[in-house]
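For this chain, numbers begin at 1 and follow the sequence in order. Fair warning: this is a prediction, and the values are worked out from it, not measured in the lab.
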Amino acid sequence: ILSLPMNPLLFPYPQDAPEWSVSEWFNTPEPITLASLRGRVVVLHAFQMLCPGCVLHGVPQTSRLFQFFDPKDVAVIGLHSVFENHAAMKPDALKVFMHEFRVKFPVGDDTAGIANRIPVTMQRYQLRGTPSLLLIDRAGRLRSHKMGQVEDLAVGAAIQQLIDETF
């Protein structure tokens, strides 16, 4: 049996991933909880619709992951985490954005923080900004947390490694 080295995107010592706090869901018939996804690898992409890195890289990458991986193995979820320009990024604007960019994966609108500062889930995961990519293993443990652009090949390899793990 070939033993592969640990993927540098993955944490060697995982921690339990915090539950999400979402005020509204899009592209899903019912709310999604992290607990409901146990047994699948979860790709969580935190983005803002006015973030250039999100629009040019993060959202298209997340769409490709959603199309490529079998949903029985991998749940691909978007999290719209608004920490600036609050007035411009309301749920109606998010619906238009998702239509214009043909976003098909489920997206949760992160619950606003106190005085509309840092959203709740963004705080729980200690996200520093967007785009942020989080990978959660089948047991519900946070295994990767990267801000900024991550190459498709590296993300795909990390996801496949998590699919192949037993828990």
I'd like to know if the side chain of S23 reaches the main chain of D109, judged simply by a donor and an acceptor atom lying under 3.5 Å from each other, with no hydrogens or angles considered. yes
From CA spacing to verdict: side chain to side chain contact (heavy atoms under 4.5 Å, CB included), I136, L34: CA-CA 9 Å; I136 300 166; L34 187 55; 3.8 Å; yes
How far apart are the closest heavy atoms of L44 and G78, and which atoms are they? CD1-C, 4.5 Å
Could you tell me if the side chain of F105 sits less than 4.5 Å from the side chain of N27, heavy atoms only? no
Test item: H45 and P131 side chains (from C-beta on) under 4.5 Å apart, heavy atoms: yes
To the closest 0.5 Å, what do you measure between OG1 (T111) and CD (E24)? 10.5 Å
Just to verify, what does V22 make a side chain to side chain contact (heavy atoms under 4.5 Å, CB included) with, not counting sequence neighbours? W20, W25, L79
Take atom CD in E151; do more than 12 heavy atoms of anything else shown fall under 6.0 Å from it? no
If a pair satisfies salt bridge (charged side-chain N to carboxylate O under 4.0 Å, His left out) and one of its residues is in residues 46-63, list it, with sequence neighbours excluded. none
Tell me whether the rings of F47 and H80 are parallel (<30°), tilted (30 to 60°) or perpendicular (>60°). tilted
Can you sort out the partners of I163 under side chain to side chain contact (heavy atoms under 4.5 Å, CB included), two or more places apart, ordered by chain and number? V41, F69, D73, V74, R138, I159, Q160
Find out whether V107 and L94 are in side-chain contact, i.e. whether some heavy atom of one side chain is under 4.5 Å from a heavy atom of the other. yes
Going by side chain to side chain contact (heavy atoms under 4.5 Å, CB included), name the residues that satisfy it together with R64, two or more places apart in sequence or in a different chain. P60, Q61, D152
Applying the side-chain contact (heavy atoms from CB on, under 4.5 Å) test to L127, which of T121, D110, L134 qualifies? L134
Quick check: does any side chain N or O of T130 sit under 3.5 Å from a backbone N or O of S132, one acting as donor and the other as acceptor? no
Please name all residues satisfying side-chain hydrogen bond (donor to acceptor under 3.5 Å, both in side chains) with S36, sequence neighbours left out, ordered by chain then number. T33
Side-chain touch Y125/L142, heavy atoms, less than 4.5 angstrom: yes
If two hydrophobic side chains count as joined below 4.5 Å and joins carry through other members, does M147 share a cluster with V82? no
Other residues, nucleotides, ligands: >12 heavy atoms within 6.0 Å of R124 CZ: yes
For residues K146 and S144, determine if any side-chain heavy atom of one lies less than 4.5 Å from a side-chain heavy atom of the other. yes
Atom CZ of F101 and atom SG of C54: how far apart are they, to the nearest 0.5 Å? 11.0 Å
Between D137 and R143 (salt bridge meaning N to carboxylate O under 4.0 Å), is one present in this structure? yes
Same apolar cluster: V150 and L56, side chain cutoff 4.5 Å: no
Got a sec, which pairs hit salt bridge (charged side-chain N to carboxylate O under 4.0 Å, His left out) with one end in residues 93-105, sequence neighbours left out? D92-K95
Flag yes if V155 and V55 sit in one hydrophobic cluster, no otherwise; membership is Ile, Leu, Val, Met, Phe, Trp, Tyr, and two members link when side-chain heavy atoms are under 4.5 Å apart. yes
